[in-house]
Amino acid sequence: MSRYLYELLDSMGIDHGESENFTFNRLAWDTRDIDSQSLLLAIAGAHFDPHAHLESLIDQGRIAGALCQRPLGVPRTIPIAHLEAREGEIASWAYDNPSAHLKVVGVTGTNGKSSTVRFLEQVYLSLGYRTATIGTLGCTRNGEPWLPLANTTPRAAQLQHILACCRQQKIQYVFLEVSSHALALGRVEHITFHAAIFTNLTPDHLDFHNTMSDYLHAKMKLFDPAPPIALLHRQRIPLEQEPKAGIVSFGSQATGPFQASDEEVDQKGISFRMAKQQFHSSLRGRGNLENIQGVVAFALLDGQNSQQVSAAVAQLQPIDGRLMPVVSRDKLAIVDYAHTPDALQQLLTSAREMCQGRLILVFGCGGERDQSKRPVMGEIASQLADMCIVTDDNPRSEDPGTIASQILATMDPTKSHLIHDRHQAISEARQLAGPEDLVIIAGKGHEKTQTYSDRTILFSDKDSFQSE
Ligand SMILES: CC(=O)N[C@H]1[C@@H](OP(=O)(O)OP(=O)(O)OC[C@H]2O[C@@H](n3ccc(=O)[nH]c3=O)[C@H](O)[C@@H]2O)O[C@H](CO)[C@@H](O)[C@@H]1O[C@H](C)C(=O)N[C@@H](C)C(=O)N[C@H](CCC(=O)O)C(=O)O
Ligand SMILES: Nc1ncnc2c1ncn2[C@@H]1O[C@H](COP(=O)(O)OP(=O)(O)OP(=O)(O)O)[C@@H](O)[C@H]1O
Ligand SMILES: N[C@H](CCC[C@H](N)C(=O)O)C(=O)O
């Protein structure tokens, strides 16, 4: 594509008057990935400001030009008011509005986004469609790993680029995790959604949203405007008013066709009835029951055959780092990504049903994340586990000792202690565990690294439990 700058400015309704024009054939959003034909979106962040580099990049012919946030008086740099809010609009224009040619299914919720997206992928692959997923676990294409991602929902320009690649590769359904940050920061603006699914809302990210009401409003933006299929779990979302027309509820307290009945969650797995069809999966946990109900309600509203959907649900495979059993000699652990109070509570409740002996929990809380969840998770851990080892979970730039003391503040000291080094904490839990006991390692799930203020090291809970 070779485009004139004027075409873009016209599409944005920006009067370009006598300003200069130039051509570009590629959109770039990071100075580490540019070429001489790139139009760079220069948006300052917390650590790096591209504006300081534009003059030399242009002088050296390393980019064609840039859109920037403030006037620089440098040729080929065009200041755009509120550029950061217009990234989706610019990228959707540059990539010819890819979402209009795909069925994009957005999944939001405090917990269950990755699980729901990966279950949708499995079901739709088995129904014979070409699929992609975008989320915390990276991108997949037709069930195979495709691209790693830094964020759950990538920034707008990267997202539109991924959607353009999906279109080129004739993908039919894109299952996209939509975080509340993404909704609040406009990362999914100018995406046409075929469907939206809202799994649940419980406390998290209150450092960013301040109140649960603001958090709810950010999530509800996925329904504004409501896509053709709009679903939410009635019981798990504390709505301030009845959902507007066109939003369909699912779950045991829903009214209408997606009310679930005969719910069972036990050692054999989960089962329920919905829309006169029986569904069963060997996956465990109440969270997965609700995630699968969302998947089923979507597939049925999407016109899929209920018996085929039921057969696909019966074949669902577990997801990396979610309720994942890990064996080391005769010791058993469950590795899970529970990093919110609600997820930890559900995890420990499910684990209790799986275990005859004691539950030995290893967990921590991330740095630079909502501090208010730390004492709440401490309290839940203390109430529901028999023994707790508090440890580091990506302290990032925060002091690990301070994070731990905020967690320990609400814990019973007779059954909890602190070992900062996560590998040592996991080793100790394994040594303490008797044959009937179950070790629960919560918070990092699939993650392969541990981030401190000055370094990021390779670290996996699964490998740590299995190493000597
Ligand atoms: C706090 C926050 O949102 N940070 C985001 C932000 O980072 P930053 O402000 O530090 O960026 P920066 O390094 O200063 O860079 C600024 C700009 O310069 C560019 N750059 C940077 C370096 C360079 O050499 N050249 C260059 O051009 C960058 O691409 C960027 O455009 O911009 C980065 C690039 O887009 C994001 O990856 C990063 O998300 C970080 C990883 C993050 O942790 N974000 C969290 C808060 C988040 O968004 N989480 C939600 C999930 C929440 C959930 O659990 O539901 C998510 O969707 O991921
Ligand atoms: N429906 C659910 N309700 C409550 N907890 C759930 C649900 N589904 C999954 N969980 C729990 O939350 C953890 C994270 O699940 P998952 O990765 O699917 O959520 P997520 O919303 O994608 O999280 P993140 O935004 O951090 O990527 C799981 O390991 C499990 O403990
Ligand atoms: N998407 C979540 C993941 C948290 C995982 C936990 N291991 C941590 O690092 O805090 C977040 O960014 O808040």
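For ligands, and for the atoms within them, numbers begin at 1 and follow the listed sequence. In this chain, residues are counted from 1 in sequence order.
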Could you tell me if any non-hydrogen atom of [X] lies under 4.0 Å from any atom of ligand 1?
X: E368; value: no
X: R369; value: yes
X: R187; value: yes

With heavy atoms of N394 as the reference, note each atom of ligand 3 found under 4.0 Å away.
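Near N394, meaning under 4.0 Å from one of its heavy atoms, ligand 3 has 7 (N), 8 (C), 9 (O).
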Quick check: does [X] get an N/O under 3.5 Å from an N/O on ligand 1?
X: S180; answer: no
X: P50; answer: no
X: D30; answer: yes
X: A46; answer: yes

Under-4.0 Å heavy-atom contact with ligand 2, by part of N111 that carries it:
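Both backbone and side chain of N111 come within 4.0 Å of ligand 2.
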Looking at non-hydrogen atoms alone, which of [options] comes nearest to [atom]?
atom: atom 12 (O) of ligand 3; options: R369, E177, Q450; value: R369
atom: atom 9 (O) of ligand 3; options: H339, K373, R396; value: R396
atom: atom 6 (C) of ligand 3; options: G135, A338, G443; value: G443
atom: atom 17 (O) of ligand 2; options: H205, R322, E177, Q293; value: R322

What I want to know is whether [X] and ligand 2 share at least one N or O pair that is separated by under 3.5 angstrom.
X: T116; value: no
X: N288; value: no
X: L347; value: no
X: L323; value: no
X: S115; value: yes

Would you mind listing which atoms of ligand 2 come within a distance below 4.0 Å of any non-hydrogen atom of R236?
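Answer for ligand 2: 3 (N), 4 (C).
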Not counting sequence neighbours, which residues clear side chain to side chain donor-acceptor pair (under 3.5 Å) with E240? List them please.
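Result, side chain to side chain donor-acceptor pair (under 3.5 Å) vs E240: S213, H217.
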Please collect all salt bridge (charged side-chain N to carboxylate O under 4.0 Å, His left out) contacts where either partner lies in residues 28-39, sequence neighbours excluded, each pair once.
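Found R26-D33, D30-R32.
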Tell me whether H205 has any N or O atom under 3.5 angstrom from an N or O of ligand 3.
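No, H205 has no N/O under 3.5 Å of an N/O on ligand 3.
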E447 N/O to ligand 3 N/O under 3.5 Å
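E447 vs ligand 3: N/O contact under 3.5 Å present.
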Applying a 4.0 Å heavy-atom criterion (strictly less than), which segment of F208 is in contact with ligand 1: side chain, backbone, both, or neither?
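For F208, there is no contact with ligand 1 at all, from either part.
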Contact partition for H181 relative to ligand 1, non-hydrogen atoms under 4.0 Å:
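Side chain only; the backbone of H181 stays clear of ligand 1.
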If you count the atoms of ligand 1 from 1 in the order shown, which ones are under 4.0 Å from a heavy atom of [X]?
X: K113; answer: 55 (O)
X: T31; answer: 23 (C), 24 (O), 25 (N), 26 (C), 27 (O)
X: W29; answer: 29 (O), 31 (O)

Can you pull out the closest protein heavy atom to atom 25 (O) of ligand 2? Residue, atom name and distance to 0.1 Å, please.
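Its nearest protein heavy-atom neighbour is K113 NZ, 2.7 Å.
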Under 6.0 Å between ring centres, would you say that holds for Y124 and F175?
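For Y124 and F175, the ring centres are under 6.0 Å apart.
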